[in-house]
Q: 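Starting off with a structure, shown below.
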2 protein chains.
Amino acid sequence: MEEIDRAIVAALTADGRLSYTDLAERVGLSVSAVHQRVRRLEQRGVLKGYAARVSFEALDLPLTAFVAIRPFDPSQPDDAPERLAHLPEIDSCYSVAGEDFYLLLVRVAGPADLERLLQEIRTSANVTTRTTVVLSTPYEHRPPKVGPDTLNHRHRGSNEPSA
Amino acid sequence: MEEIDRAIVAALTADGRLSYTDLAERVGLSVSAVHQRVRRLEQRGVLKGYAARVSFEALDLPLTAFVAIRPFDPSQPDDAPERLAHLPEIDSCYSVAGEDFYLLLVRVAGPADLERLLQEIRTSANVTTRTTVVLSTPYEHRPPKVGPDTLNHRHRGSNEPSA
DNA sequence: CATGAAACTCCGAAGGA
DNA sequence: TCCTTCGGAGTTTCATG
């Protein structure tokens, strides 16, 4: 019942292009039933979308780094995420507890691009930066465990169909 | 020509379930031609796979944190990534330059689970930890810019037709 | 939740620029 | 080599019970 939704979510996080036919076979339901469940999981916001995984090396973005930032002037309004959103090198932006305000995950072609990006970050958001270069990535974006206590039914997505 | 591969990659990173029909329409080629290009991008390792994006709140994993680790005894072999791989709460593991050895991105249900996980990390890998809690995530996993200098043709995936 | 049928998509074969 | 067209097999999607 609930178990089946978990199986569906687990299967789709591992392979986002699974056909409903394959999914139905895996979870032991008809194709239509699985299709309905997936649509409801999407509407509830449990499934937020689908993405291809790309090789950043192949895209000529082999250098990954974490950039911790804090405002140069802490009295000014803190809108760093919006001010930085236009920079495509920024993969992710986390607001964090601790000494820094935000932690950015960035991907660039090499040290020269990283330098340019850091200057751009500092001037765009009026912040200081502290950068940690990633040397290698043993693993990344592993599918979460979709276990027994999982799949909170009270959750509601304030969302629209993902485009 | 090359432009088309970039358009395909960009489209699939934004929506990994796009049909070949839609893709073909977007890039102005026949369905078969697009299908061939996608297959080659997959074989070259440019497209590494597809995944559904899930709401971690809905999965009852609302607490994200970064855990920086370094060995308790630096003279011992450093196999922390393998020793920690069995922990499903660990989303990603980065080997980093700087004071720490690895940076982990973890997702848990709450503070109690985080405490348990940190203990497990320390004992499993014989490391000390320094944890930064994520308060909110303005954005995450944005599609990379797939621009003019992009899509390195020299890159080879693990399997390659003999040439 | 299952069935079934229509519409659509996938995917390889064959041929042309 | 890369594209296109074409057709059978498979998939998606919806109405109905």
Side-chain angles (χ1 to χ4, degrees), chain A residues 1-55 58-59 146 148 150-153 157 159-163, chain B residues 1-54 58 146 148 150-163:
Chain A
M1 180 87 124
E2 190 76 5
E3 177 93 20
I4 291 176
D5 280 343
R6 280 191 260 118
I8 290 172
V9 170
L12 285 176
T13 53
D15 180 357
R17 291 210 80 157
L18 271 180
S19 71
Y20 295 118
T21 308
D22 280 353
L23 266 180
E25 213 166 281
R26 260 175 227 224
V27 306
L29 246 56
S30 73
V31 171
S32 298
V34 167
H35 187 240
Q36 266 179 58
R37 279 169 180 268
V38 170
R39 278 192 61 82
R40 275 165 50 199
L41 287 166
E42 286 170 351
Q43 284 189 319
R44 280 173 53 204
V46 176
L47 294 171
K48 299 204 296 189
Y50 305 87
R53 280 283 152 65
V54 302
S55 156
L59 292 185
V146 185
T150 308
L151 225 69
N152 180 0
H153 248 279
N159 67 308
E160 52 183 19
S162 54
Chain B
M1 181 81 128
E2 190 75 8
E3 178 94 20
I4 292 176
D5 280 343
R6 280 191 260 120
I8 290 172
V9 170
L12 285 176
T13 53
D15 181 356
R17 293 209 79 157
L18 270 179
S19 71
Y20 294 116
T21 308
D22 280 352
L23 266 180
E25 213 165 282
R26 263 176 223 224
V27 305
L29 248 55
S30 73
V31 172
S32 295
V34 167
H35 188 240
Q36 271 178 50
R37 277 167 180 268
V38 171
R39 279 189 60 83
R40 273 169 51 202
L41 287 166
E42 287 170 350
Q43 284 189 321
R44 280 172 53 203
V46 177
L47 294 172
K48 299 204 298 189
Y50 305 87
R53 276 201 293 261
V54 302
V146 185
T150 308
L151 223 68
N152 180 359
H153 247 280
R154 287 155 203 83
H155 180 84
R156 286 290 174 273
S158 35
N159 51 353
E160 165 67 9
S162 51

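Since the structure is predicted, the reported quantities are computational estimates derived from the model, not experimental observations. Proteins get letters first, then strands, A, B, ... in listed order; numbering begins at 1 in each.
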Q: A:Leu23 and A:Ala11: which non-hydrogen atoms are nearest, and at how many Å?
A: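 So the two residues come closest at CD2-CB, 3.7 Å.
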
Q: Roughly how many Å is it from CG in A:Leu29 to C1' in C:dC1, rounded to a whole number?
A: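 Going from A:Leu29 (CG) to C:dC1 (C1'), I get 7 Å.
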
Q: What's the angle between the local helix axes at either end of the helix from C:dC1-D:dG17 to C:dA17-D:dT1, using five pairs per end and rounding to 10 degrees?
A: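 The end axes of the helix from C:dC1-D:dG17 to C:dA17-D:dT1 are about 30° apart, to the nearest 10°.
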
Q: Give A:Val31 one of three labels, base, sugar-phosphate or nothing, depending on what nucleic acid heavy atoms sit under 4.0 Å from its own.
A: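 Contact class for A:Val31: base.
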
Q: A side-chain contact here means heavy atoms from C-beta on lying under 4.5 Å apart; do B:Leu12 and A:Arg17 qualify?
A: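 Sidechains of A:Arg17 and B:Leu12: in contact.
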
Q: Quick one: side-chain contact (heavy atoms from CB on, under 4.5 Å) partners of A:Arg53, sequence neighbours excluded?
A: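 In terms of side-chain contact (heavy atoms from CB on, under 4.5 Å), with neighbours along the sequence ignored, A:Arg53 is linked to A:His141, B:Lys48, B:Ala51.
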
Q: Restricting to side chain to side chain donor-acceptor pair (under 3.5 Å), what partner residues turn up for A:Tyr20, sequence neighbours left out?
A: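 By the side chain to side chain donor-acceptor pair (under 3.5 Å) rule, A:Tyr20 matches no residue at all.
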
Q: With respect to the phosphate group of D:dC2, does any side-chain polar atom (N or O) of B:Arg37 fall under 4.0 Å of OP1 or OP2?
A: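 So the side-chain polar atoms of B:Arg37 never come under 4.0 Å of the phosphate oxygens OP1 or OP2 of D:dC2.
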
Q: State the CD1-CG distance between B:Ile8 and B:Leu29, to the nearest 0.5 angstrom.
A: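 If I round to the nearest 0.5 Å, the distance is 7.0 Å.
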
Q: Holding to side-chain contact (heavy atoms from CB on, under 4.5 Å), I want the full list of residues that pass it with A:Ser30, two or more places apart in sequence or in another chain.
A: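 For A:Ser30, the residues satisfying side-chain contact (heavy atoms from CB on, under 4.5 Å) (neighbours in sequence not counted) are A:Ser32, A:Ala33.
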
Q: Please tell me if the side chains of B:Gln36 and B:Arg40 come closer than 4.5 Å, counting only heavy atoms from C-beta onward.
A: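 No - every pair of side-chain heavy atoms lies 4.5 Å or more apart.
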
Q: I'd like a table of atom pairs between the protein and nucleotides 12-17 of chain C - only N or O on both sides, under 3.5 Å - with the distance next to each one.
A:
residue: C:dG12; atom: O6; partner: B:Ser32; partner atom: OG; Å: 2.6

Q: Measuring from atom CZ of A:Arg44 to atom CZ of A:Arg37, what distance do you get when rounded to the nearest 0.5 angstrom?
A: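 If I round to the nearest 0.5 Å, the distance is 10.5 Å.
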
Q: Do B:Arg6 and B:Glu3 meet the salt-bridge criterion of a basic N to acidic O distance under 4.0 Å?
A: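 Counted as a salt bridge, because a side-chain N and a carboxylate O are separated by less than 4.0 Å.
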
Q: Do A:Leu18 and A:Arg26 have side chains that approach each other closer than 4.5 Å (heavy atoms only, starting at C-beta)?
A: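 They are in side-chain contact.
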
Q: Using heavy atoms and a sub-4.0 Å distance, could you list which residues of residues 15-28 of chain A are near DNA chain C? By number, please.
A: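 None - not one residue of the stretch has a heavy atom sitting under 4.0 Å from the strand.
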
Q: Please give, in whole Å, the distance from D:dC14 C1' to A:Arg40 CZ?
A: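 Rounding to the nearest Å, CZ of A:Arg40 and C1' of D:dC14 are 16 Å apart.
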
